[in-house]
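Below: one structure, written as structure tokens.
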Amino acid sequence: MTRKKMMAGNWKMNKTIGEAVALAQDISNQYDDRWPDACDVVVCPPFVDLKPAKTVFEFDRVEISVGAQNVHWEESGAYTGEISVPMLKEIGCAYCIIGHSERRGYFGETNEDVNKKAKALIAGQIKPIICVGESLAVRDEGTTLEFVCAQVRAAFAGIDAGLAKECVVAYEPIWAIGTGRTATPEQAQEVCQAIRATLAEMYGTDIADAMRVLYGGSMNPGNVKLLIAQPDIDGGLIGGAALKAESFVQLIEACL
Ligand code: PGA
């Protein structure tokens, strides 16, 4: 089964509107017609930058999608500070990251929240990028596979096969995020393979084989090739290296 690669840039809480437009334009200027066949390219800027970034890509007619970094599961209501699926939909968001370890760790996002967000996104036809990953303590305990696969099962609870197919899973070991300490290709492959096996238990091998599993955590132009050469790693969720067009484009071009 050949799955199209994906490179998704997670800009986190970086870039004002002006800076976001400049970065989107810089990526767009380097766009190559070979990209869309080899790789789905997604940028996930802060909410306020979504529309400006989308406008750059639309104006330039490049196949680069935008995604959000979070969403609320209710459609509207008294949820001060939150953003809903219909709001993202109207901007033209194709993807939304959910369950990032920074949201789980700093903002108390639970597996149940991730599941509710995934269901709301699927209902609104926005593809969730569901993040899972273990802390260093869990890795040192030797329970990484159990921990991560439990996160996967919880995120997909009650989601049927036809809809699960639209989701992307991102394996991001917390100890590798923003630390410069990447998982080795073998470590990343071991967990991504276990994630796919869990999806296969839930949905059968055909669906699991069609779903993308990304690796995230200090992916950069120097380590990308070996990571994406692993059979169960279908691309990357990129933090630091997505904040510069030069390095982000190199990651995309590693997929060509
Ligand atoms: P990093 O972040 O590439 O800076 O490690 C990845 C992420 O948190 O999505």
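Counting starts at 1 for both ligands and their atoms, in listed order. Being a predicted model, the structure only gives us computed values, none of them experimental.
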Under 4.0 Å from any heavy atom of [X], which atoms of ligand 1 are there?
X      : result
Gly178 : 1 (P), 4 (O), 5 (O)
Gly240 : 1 (P), 3 (O), 4 (O)
Glu172 : 6 (C), 7 (C), 8 (O), 9 (O)

Is it the case that ligand 1 has an N or O less than 3.5 angstrom from some N or O of [X]?
X      : value
Thr179 : no
Ala241 : no
Gly217 : no
Gly239 : yes

(request) Examine Met219 and Val168 and state if one hydrophobic cluster contains both, with Ile, Leu, Val, Met, Phe, Trp and Tyr joined whenever side-chain heavy atoms are less than 4.5 Å apart. (result) no

(message) What I want to find out is whether Arg196 reaches Asp234 closely enough, with some N-O distance under 4.0 Å, to be called a salt bridge.
(response)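 Result for this pair is yes, salt bridge flagged.
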
(request) Take every heavy atom of Ala176, measure it against each atom of ligand 1, and state whether any distance is under 4.0 Å. (result)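 It does; at least one heavy atom falls under 4.0 Å.
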
(message) Any atom of ligand 1 sitting under 4.0 Å from a heavy atom of Ser218?
(response)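 Right, Ser218 reaches ligand 1.
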
(message) Among Asn111, Val148, Thr198, Asn115, which residue satisfies the side-chain contact (heavy atoms from CB on, under 4.5 Å) criterion with Arg153?
(response) Thr198

(message) Can you tell me which portion of Asn10 lies within the under-4.0 Å heavy-atom range of ligand 1? Options are side chain, backbone, both, or neither.
(response)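 Answer for Asn10: side chain.
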
(request) Could you tell me which non-hydrogen atom of Ile195 sits nearest to which non-hydrogen atom of Val169, and how far apart they are? (result)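 In terms of heavy atoms, the two residues are closest at CG2-CG1, 3.9 Å.
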
(message) Are the side chains of Lys12 and His100 in contact, using a 4.5 Å heavy-atom criterion?
(response)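 Yes; the side chains approach each other to less than 4.5 Å.
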
(request) Please tell me if the side chains of Lys119 and Trp73 come closer than 4.5 Å, counting only heavy atoms from C-beta onward. (result) no

(request) Please step through salt bridge (charged side-chain N to carboxylate O under 4.0 Å, His left out) for the pair Arg212 and Asp40, ending with a clear verdict. (result) CA-CA 11 Å; Arg212 256 106 46 113; Asp40 284 330; 3.0 Å; yes

(message) Which option wins on minimum heavy-atom distance to atom 2 (O) of ligand 1: Lys12, Gln69, His100?
(response) Lys12

(message) Can you pull out every ring pair (Phe, Tyr, Trp, His ring centres under 6.0 Å) where at least one residue sits in residues 11-40? Sequence neighbours excluded, please.
(response)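 Sorted pair list: Tyr31-Trp35.
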
